[in-house]
There are 2 protein chains.
Amino acid sequence: MSARRTPVSRRERPAKPALSREGIVAAAVAITRSEGLDRLTMRRLAKELDTGAASLYVYVADIEELHAAVLDDFLSEVEIGSTEGDWRERLRALLDSYRAVLFEQPSLARVALVTRMSGPRYLRAVDAALGLLVEGGLSEYGAALAVDQLFLQATASAAEHGTRARMPDADRQHEDLVAEIDAAPAEEYPHIARIGRLLVAGTPSGRTKWSFDVILNGALATPSPEPE
Amino acid sequence: MSARRTPVSRRERPAKPALSREGIVAAAVAITRSEGLDRLTMRRLAKELDTGAASLYVYVADIEELHAAVLDDFLSEVEIGSTEGDWRERLRALLDSYRAVLFEQPSLARVALVTRMSGPRYLRAVDAALGLLVEGGLSEYGAALAVDQLFLQATASAAEHGTRARMPDADRQHEDLVAEIDAAPAEEYPHIARIGRLLVAGTPSGRTKWSFDVILNGALATPSPEPE
DNA sequence: ACCTGAACACCGTTCAAGT
DNA sequence: ACCTGAACACCGTTCAAGT
């Protein structure tokens, strides 16, 4: 039946493969990797697959679902199996790896914040983190709450920081903020004026490490509420 | 000179007011309030102001700057001056109020995550929070780090939770997640399978309260790193 | 059932031309 | 300097018509 579609005489292109969800997601991942998530549009993706945008809707409900699928594919790079150090060091390594993946493609971090995540790779990372938290002495519900907090922090910091990293005016935006702090009138913003540049001091990684410790120490010191 | 533009004979409309940044932002806020941020487009805004989209670019660099201005206007509703209870209760009230504003318009929470915030209303809220943290015994740098973490948590939870609140398929998405947890194979996700529905147990407000306490307790228990 | 072209209903931003 | 209409270069999604 495919004889009419790919006649022997015309073989400049490799035979057009049949559409499938996997093929669509794979092409979407490739575009995201080479051009960024912003360039991943239904039309651009369709062109890549040598078809029309409308055809994709047989396999994908909408672009949001596509974004979620691309995100989950990226999360397969997260290294969940670190064996160095105690549970705390291993958990830190897991979250560092998660953050590193989202830093590659900060638009994906924003997807992660908005979409309720449920892909297999995400669940895999969450499962590993839960195990380490329970190993560290947290109750089951405590671990459930802490894992949420830890991933939220990692995701949000990637969305926040990563966005600015590659932007042309990243430095300018930072300078603006520093200038605004320097110029903050002490009558209106007494504490900002007093604390001054200490507000933006420290390296990103130093601040991240502090956040991680704060959540862990806090979770260990704070009793879980009643679940229901 | 305006005689030709608004002749006496034609006064069905009130005299078209001159464009200004304040007028533009005010109209943008009005549209956001009545129709949501998603409906706030340059073209829609221009129509409201009885002009063309191109005219707006004299006063606003791009739509991102407009979003930031609208966000800051919304933040004027944040109540920073609670006087009930100790510093901890007052700080909790401040953040609850901040979160409530973003819940009204969750798309704004997403703006807040991506834009480096520097509007006067945001700084006002940050300043008040810094004061309470220092009152609570944190060092200046500790307060600087903690305030970031507290606002990040509040913003992210508004972006995450708020988005789902008003969506038509909010319940469906939640049910999907619960179903996925119930169905999680114990070989692949041992901890998720064991913890089960405890993962999504508790009320949003109970979980939020826990997060707040975790950050505060953690910040009080974790020494600040060297600033530089 | 799957695929398509065309259409619908939009976007943000730029720019030459006017005043 | 400010304002405009028109154009540029796109979007996501739907739908009737084909196979």
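Side-chain atoms are counted along with the backbone in the values below, which use heavy atoms only and exclude waters and symmetry mates. Reminder, nothing fancy here: chain letters follow the sequence lines and each chain counts from 1. The structure displayed is predicted, hence computed values, not measured ones.
With sequence neighbours excluded, the residues forming a side-chain hydrogen bond (donor to acceptor under 3.5 Å, both in side chains) with A:E35 are A:R44, listed by chain and number.
Between B:Y98 and B:Y122, the ring planes lie tilted relative to each other; the angle falls in the 30° to 60° range.
For D:dA6 and C:dC11, the C1' atoms lie 16 Å apart once the distance is rounded to whole Å. The separation of C:dA9 from D:dC10, taken at their P atoms, amounts to 23 Å, rounded to a whole angstrom.
Between A:Q105 and A:T32, the closest heavy-atom pair is NE2-O, 3.6 Å. For B:G23 against B:L49, the heavy-atom pair with the smallest separation is O-CD2, 4.3 Å.
Each of B:L91, B:L130, B:D127 was evaluated against B:V147; a single residue qualifies, B:L130, per the side chain to side chain contact (heavy atoms under 4.5 Å, CB included) test. Each of B:T41, B:I24, B:V111 was scored for a side chain to side chain contact (heavy atoms under 4.5 Å, CB included) with B:L66, with one residue passing: B:I24.
Checking side-chain atoms of B:T115 against main-chain N and O of B:A112 turns up no donor-acceptor pair under 3.5 Å.
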Item to complete: Would you write the dot-bracket representation of DNA chain C, where each base gets (, ), [, ], | or . depending on whether it forms a Watson-Crick or G-U pair under 3.5 Å and with which partner?
Response: ||.|||||...|||||.||

Response to the item:
Scoring nucleotides 7-13 of chain C by protein non-hydrogen atoms under 4.0 Å (B base, S sugar-phosphate only, - none) yields B---BBB

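Contact check on B:R33 versus B:E77 returns a salt bridge, with a Lys/Arg side-chain nitrogen under 4.0 Å from an Asp/Glu carboxylate oxygen.
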